[in-house]
4 protein chains.
Amino acid sequence: MTYLGLDDEEFIRGKVPMTKQEIRILTLVKARIKPDSIIYDIGAGTGSLSVEAARLAPQGRVYALEKNPEGVRLIRANAANFALKNISVLEKEAPDGLDGLPSCDTVLIGGSSGSMEQILDEVKAKLKTGGRIVVNCITVQSLLQAIDYFRSHEAEFRYEAIQVMVTRLQQIGPYDMAKAVNPVYILTAQKWDRDAASYADMSEKAV
Amino acid sequence: MTYLGLDDEEFIRGKVPMTKQEIRILTLVKARIKPDSIIYDIGAGTGSLSVEAARLAPQGRVYALEKNPEGVRLIRANAANFALKNISVLEKEAPDGLDGLPSCDTVLIGGSSGSMEQILDEVKAKLKTGGRIVVNCITVQSLLQAIDYFRSHEAEFRYEAIQVMVTRLQQIGPYDMAKAVNPVYILTAQKWDRDAASYADMSEKAV
Amino acid sequence: MTYLGLDDEEFIRGKVPMTKQEIRILTLVKARIKPDSIIYDIGAGTGSLSVEAARLAPQGRVYALEKNPEGVRLIRANAANFALKNISVLEKEAPDGLDGLPSCDTVLIGGSSGSMEQILDEVKAKLKTGGRIVVNCITVQSLLQAIDYFRSHEAEFRYEAIQVMVTRLQQIGPYDMAKAVNPVYILTAQKWDRDAASYADMSEKAV
Amino acid sequence: MTYLGLDDEEFIRGKVPMTKQEIRILTLVKARIKPDSIIYDIGAGTGSLSVEAARLAPQGRVYALEKNPEGVRLIRANAANFALKNISVLEKEAPDGLDGLPSCDTVLIGGSSGSMEQILDEVKAKLKTGGRIVVNCITVQSLLQAIDYFRSHEAEFRYEAIQVMVTRLQQIGPYDMAKAVNPVYILTAQKWDRDAASYADMSEKAV
């Protein structure tokens, strides 16, 4: 059985920053990936999210967009290392590259290079109703661009945002020493039909 | 399909503190639950972890131990609300109640009422090799009791510990306002065979 | 001798949110108040910052602006409780009320009700060169409004911004339990003369 | 006028870890240093706390104990750089070196190398009633050793403990990017006379 929550050490890394394990876990769980989901990973970086998403959706596919050639190389190497055949890597800077893709169930956004609004406009057109967008932000500016977008599209999206700060306790001899991991904002938006009668996806209680 | 990461609002709550969504997600993912896992939830509180664990292990079973009668009532109500038939609730204060249980794959510890060492001794005997114990600590004392236990049993366990601090951005009119959730330490220990030749569970890379 | 860092319990409180001790300490130290400083406390709330600032500047004066009548009442009560004669309270919503005030050395901004830019424009005209503005933000929007202002006035201001998250360990019987305090962003801007030959204020090293 | 809260960049640094600015500020304010205070800085490291404490107590003196020769060298260099004549540096591993020192008003503990209890025993004998001990902990073990000491000496000490997590927003081009600083626990203990009639030091309200 494949597991979510691979150790950071299992990925081939380079100079490209990599999303850390706990952030990957929270991002992918809030994304609500199904075994046949079509997923975009925009600003895929090292490919750690793409790899874990592809493993959660064996009958689906991940389209990883990354503008940095070293990142593209790392994503392909990590996909091969896990024998994954369901990741397509595009060396593109979003929103370029999005319009040729099939409709999707889930969008992960790790980097937007200042084009957050244009990326979200393209994604909005491609995302199925009920689908989710999960944005990871490490700058205040990108966080507010994402918040502003969903606030001004409240007929089509609702969102939640959290900040996650993880501190690892590093075992140094007899001591456990606190080492901080850079905090990340995780914004989760769901494309909804505000006028629809029910939200089947919202409630998991027994019918 | 059932999802991990139910909203906190979907649970019936009382005066018993409830583990928050992001902590449940990280706890259950680090626990590496399989569809047929036998799981103990010690100090189960409201039952939010029991419910999510039971949903991840439909062919398995959760044994929830809770000493507080109101907690026991809430766990049963939440299990019924999600039509779950694979949660057994025991009104016991661990380590009482553990010795009659079958061997387990996973142990979640949310409360130890000062008996961390005795609980871990009982659990160690019941936990299958390769199995995991995930402890949530909100006091410094319980964190160090757990760390001390695994450090003094390093032939049988290895562990990692993190502190997770989540801040929710509450939408108040046009503003997103930071509201902190109390930090939790999550300690994950794996029962290993230090002399074994390989760690199949450790690495998920393609063989 | 009067001390910085009064306990939160020493203030008279109401329904108005109060800046917590560690945030007051960091805010007032980064403000570099002198014994004769003229200080504005904009959005003074309960008056906890005004009181501590007034105690640091016995030959100076604090002008506290607060739009909420209950806040005004609390500021006056707290000032009287500490026998402080150097706090003037104005029941005004900034930027109203600023233009009649004398030039200042220090500005503390705790609330801006969406008028951050207008407030900073008024303050910029009143602040002596070398003076400091310290803004406490609890919403993402106010943080970015402040950042945007200083970035677009980089000929006149340089700034730093931090986020501070304090967790108190509450002593409950034999345990020390983690209780989070809502995080606050503290943005400190200094009005400088970019073309000036030296920054006497910058370096405290012996000449 | 000398200020508290020197920038980290103003210190000469080496391979010895240095206490960061916001932690120094909170530590020194909670220590309640007076202009004539006698201060011990135990495990003084780079000397950043010693320097700021010496500046706050120009008629007092700082006794800095540090076991690492490079640390001793850095403390002396930093003291000279700020033309401070009131810092005595002892190349000692506490509790060695303490017994020859005069009574003190304030003790700062940055490192204890596992000897927390012995250090606190020596310090307790030397600390004047009403004096304060402020301990900075980066390991779980040292935090609990300090907590255990004050809990078992509750007739002579009361304490508070907080954890402080600072994130700096680094300005990278048009972005402000979150960079975490390792969290530190700050434990402040006051030597009190539980049977005394009043706590003049406790309350700063007007009499």
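Protein chains get the first letters and strands the later ones, always in sequence-line order, with residue 1 at the start of each. Heavy atoms only: backbone and side chains are in, while hydrogens, waters and symmetry mates are out.
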Result block: side-chain N/O donor-acceptor pairs under 3.5 angstrom for residues 14-23 of chain B, not counting sequence neighbours:
{"residue": "B:K20", "atom": "NZ", "partner": "B:M18", "partner atom": "O", "Å": "2.9"}
{"residue": "B:Q21", "atom": "OE1", "partner": "A:K30", "partner atom": "NZ", "Å": "2.7"}
{"residue": "B:Q21", "atom": "NE2", "partner": "B:G5", "partner atom": "O", "Å": "3.0"}
{"residue": "B:Q21", "atom": "NE2", "partner": "B:L6", "partner atom": "O", "Å": "3.4"}
{"residue": "B:E22", "atom": "OE1", "partner": "B:R168", "partner atom": "NH1", "Å": "3.3"}
{"residue": "B:E22", "atom": "OE1", "partner": "B:R168", "partner atom": "NH2", "Å": "3.1"}
{"residue": "B:E22", "atom": "OE2", "partner": "A:K30", "partner atom": "NZ", "Å": "3.0"}
{"residue": "B:E22", "atom": "OE2", "partner": "B:R168", "partner atom": "NH1", "Å": "3.0"}

Heavy-atom distances under 4.5 Å only: say whether C:V184 touches chain B with side chain, backbone, both or neither.
neither

Let me know if C:I172 has heavy atoms under 4.5 Å from chain B in its side chain, its backbone, both or neither.
neither

Give the interface residues of residues 107-129 of chain C toward chain B, defined by a heavy-atom separation under 4.5 Å.
C:S113, C:G114

For the atom pair CG (C:L169) and OG1 (B:T139), what is the distance rounded to the nearest 0.5 Å?
9.5 Å

Between CE of B:M177 and SG of C:C137, what distance do you get to the nearest 0.5 Å?
11.5 Å

Answer with side chain, backbone, both or neither: which region of B:L143 has an atom nearer than 4.5 Å to a non-hydrogen atom of chain C?
neither

Can you list the residues that meet the salt bridge (Lys or Arg N to Asp or Glu O under 4.0 Å) rule with C:E52, with sequence neighbours excluded?
C:R24

Can you list every salt bridge (charged side-chain N to carboxylate O under 4.0 Å, His left out) pair that touches residues 176-189 of chain C, not counting sequence neighbours?
C:D176-D:R151

Just wondering, are more than 12 heavy atoms of other shown residues or ligands nearer than 6.0 Å to CD1 in C:I138?
no

Does atom NZ of B:K92 have more than 12 heavy-atom neighbours from other groups under 6.0 Å away?
no

Nearest heavy-atom approach of B:V181 to C:A180 is O-CB, 3.8 Å

